2 protein chains.
Amino acid sequence: MTTQFTPAVPVRTYERVVEQIESAITSGTVRPGEHLPSERELMVQFSVSRPTIREALRVLQSMGLVESKPGGRGGPKVLEPSPASLTRSFATMVRLDSLSMTELVQFRLVLDSSACRLASTLHTAEQLEQMRSCVERMEAEVGKDAEAFARADMDFHLTVWEASGNALLAMCGRAVAGAILELITRQLKDSGATERTEAESAALDRGIFEAIAAGEAAEAGRRARQAIYDRYASILPPSDGPGLDALMG
Amino acid sequence: MTTQFTPAVPVRTYERVVEQIESAITSGTVRPGEHLPSERELMVQFSVSRPTIREALRVLQSMGLVESKPGGRGGPKVLEPSPASLTRSFATMVRLDSLSMTELVQFRLVLDSSACRLASTLHTAEQLEQMRSCVERMEAEVGKDAEAFARADMDFHLTVWEASGNALLAMCGRAVAGAILELITRQLKDSGATERTEAESAALDRGIFEAIAAGEAAEAGRRARQAIYDRYASILPPSDGPGLDALMG
DNA sequence: CAAGTGGGATGGTAAGACCAGTGCACCGAA
DNA sequence: TTCGGTGCACTGGTCTTACCATCCCACTTG
């Protein structure tokens with residue numbers, strides 16, 4: 001025997017509770033909508049104290065797996081799967097990492113063009129109709145209600161992400177678009193100079209829509225890239241140009 | 001006055017503690033590597049009891065923001081930003097069936113090919129050397145140490161993501177790769193059938209490396225796409241084919 | 001039979017205590 | 001003087017107990 005002892009890593013009690021409950025949920029032993037035993041019941045079943053149970057429940061809650069409410073008969077409720085936790089993780093990462101505007105725009109360029117390619121072949125008739133509606137709303141609001149225009153713009157992209165059939169792409173797209181929007185509005189409050197590009201934006205989005213409608217994946221991707229580039233390149237430091245250009249070929 | 005009372009929503013004490021500490025971290029008041037006050041100190045500063053502080057810390061810990069170890073002078077340590085929490089979210093969602101493996105692979109295909117394109121033009125000499133080293137490590141471990149091979153493989157992609165110059169891309173890439181790896185290895189434990197593709201994987205990665213080294217962005221992206229496709233298409237349900245094919249053009 | 005009231009269970013929070021591990025400072029030996 | 005070991009103080013981990021606010025349900029009462 002070659003002294004193959006495994007390190008005696010200390011394992012937190014509440015972590016084991018988390019593991020067991022988590023696997024009970026993912027394995028379907030308890031289904032969404034059902035209730036776990038109450039804290040007092042769990043502390044008996046796990047042979048641990050209530051604070052330990054509670055710490056475990058807090059972790060599960062922050063993962064979006066369960067929800068605790070007082071009173072309701074029968075303890076913590078198992079929630080429906082939801083992207084809330086992923087969205088939050090993504091958002092905190094974006095906030096935490098002191099990302100540059102260029103990185104955000106670059107990332108969105110990647111996501112958007114891919115989503116458009118996918119949407120070109122995977123869209124449903126209904127989604128296509130919704131895209132058309134959004135584009136028309138944009139065109140109708142050019143130069144009028146800036147907020148309504150922005151909303152229509154966002155709705156268009158939401159629909160595209162939806163139509164890509166990839167929930168991950170959709171979630172990241174929403175998160176990064178939100179982050180960009182936030183930074184932009186903050187930045188604009190300093191510098192002024194807002195609209196005037198509305199007409200161009202609407203035209204770009206219509207171009208994307210038509211490529212998607214025609215099912216021309218490559219063209220849709222190209223137009224999406226170009227749209228992001230045209231819209232945001234001007235607000236990025238010129239020194240960051242290579243980063244964007246590398247993706248434009 | 002039009003009866004504009006806001007609902008007296010009960011707010012959990014530990015949630016407020018989480019918020020305050022979280023904003024202290026995201027705002028940079030405390031930096032990664034630094035220590036928060038000890039639990040006993042925090043319970044004085046927040047005027048709450050220790051269990052409340054601990055529940056808040058468990059939540060922050062599950063978000064990957066802090067780490068608690070006994071002894072070390074000065075309380076919980078603030079961690080470097082890491083994709084760990086994102087990785088876990090991905091894996092959990094797939095296990096809960098609210099995300100398919102195909103979506104995960106598709107997402108990685110998008111990220112990987114973009115990262116390779118960027119890396120082709122933005123890489124430093126040092127990073128290039130590191131990539132070469134990883135590829136050679138892979139080739140040396142073919143058919144030998146499976147774990148060392150996997151590590152070299154992962155290191156290669158880590159370097160590529162690093163070289164892309166986009167921290168967001170890198171984080172998401174690491175997260176999705178980690179999730180895929182975790183899910184795959186679990187799946188393999190059930191089905192057996194592992195190696196034999198190691199040689200092919202090494203060859204694919206070498207191809208990517210050479211395209212990056214040559215600065216051929218488009219070719220690097222194409223090869224990265226192909227590599228993901230070849231490696232994972234076989235484990236995905238054939239009905240999900242269109243999703244991947246749409247990106248392969 | 002309906003409306004209101006009470007009880008009982010739940011989660012939220014607090015206070016106090018003990019244990020095990022860690023790091024540092026101090027002190028003794030080389 | 002310097003190196004090494006020992007002890008102490010502090011940390012987090014866990015447990016116990018307790019009290020409060022809330023909520024659901026059943027029972028009582030009109």
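Quick note on labels: first sequence line is chain A, next is B, and so on, each numbered from 1. Since the structure is predicted, the reported quantities are computational estimates derived from the model, not experimental observations.
- Residues B/Glu22 and A/Arg95 form a side-chain contact, since some pair of their non-hydrogen atoms from C-beta on lies under 4.5 Å apart.
- To the nearest angstrom, C1' of C/dT13 lies 11 Å from CZ of A/Arg58.
- One side chain, B/Ser62 or A/Ser62, offers a donor N or O that lies under 3.5 Å from an acceptor on the other.
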(request) Start with the C-alpha distance between B/Glu55 and B/Arg58, add both sets of side-chain angles, then the distance that settles salt bridge (charged side-chain N to carboxylate O under 4.0 Å, His left out), and finish with yes or no. (result) CA-CA 5 Å; B/Glu55 290 180 19; B/Arg58 289 295 86 78; over 6 Å; no
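- Nearest-nucleotide positions on DNA chain D place B/Leu57 closer to the 5' end than the other of B/Leu57 and A/Ser47.
- One atom, CD1 of A/Ile53, and another, C1' of D/dC15, lie 12 Å apart when rounded to the nearest Å.
- Side chains of B/Thr124 and B/Gln127: a donor on one and an acceptor on the other come within 3.5 Å.
- Across D/dG12, C/dT13, D/dG13, the shortest atom-to-atom separation from the side chain of B/Glu55 is found for C/dT13.
- Under the side-chain contact (heavy atoms from CB on, under 4.5 Å) criterion, A/Arg174 pairs with A/Leu158, A/Trp161, not counting sequence neighbours.
- A/Phe46 has its CZ atom 13 Å from the P atom of D/dC15, to the nearest Å.
- Note: NZ (B/Lys77) to P (C/dG23) measures 10 Å, nearest angstrom.
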Can you give me the N/O atom pairs linking the protein to nucleotides 15-17 of chain C at distances under 3.5 Å, or say none if there are none?
{"residue": "C/dA17", "atom": "N6", "partner": "B/Arg50", "partner atom": "NH1", "Å": "3.2"}

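- More than 12 heavy atoms of other shown residues, nucleotides or ligands fall within 6.0 angstrom of atom CD in A/Glu141.
- Nucleotide D/dG12 holds its P atom 12 Å from the CD atom of B/Gln61, rounded to whole Å.
- Between the CG atom of A/Leu42 and the P atom of D/dT14 there is a distance of 16 Å, given to the nearest Å.
- Atom CD of A/Glu67 is separated from atom P of C/dT10 by 17 Å (rounded to the nearest Å).
- The side-chain heavy atoms of A/Glu147 and A/Arg151, taken from C-beta on, include a pair separated by under 4.5 Å.
- With rounding to whole Å, B/Arg54 atom CZ is found 16 Å from C/dT13 atom P.
- Contact annotation: B/Thr52 side-chain N/O to C/dA14 OP1/OP2 distance is under 4.0 Å.
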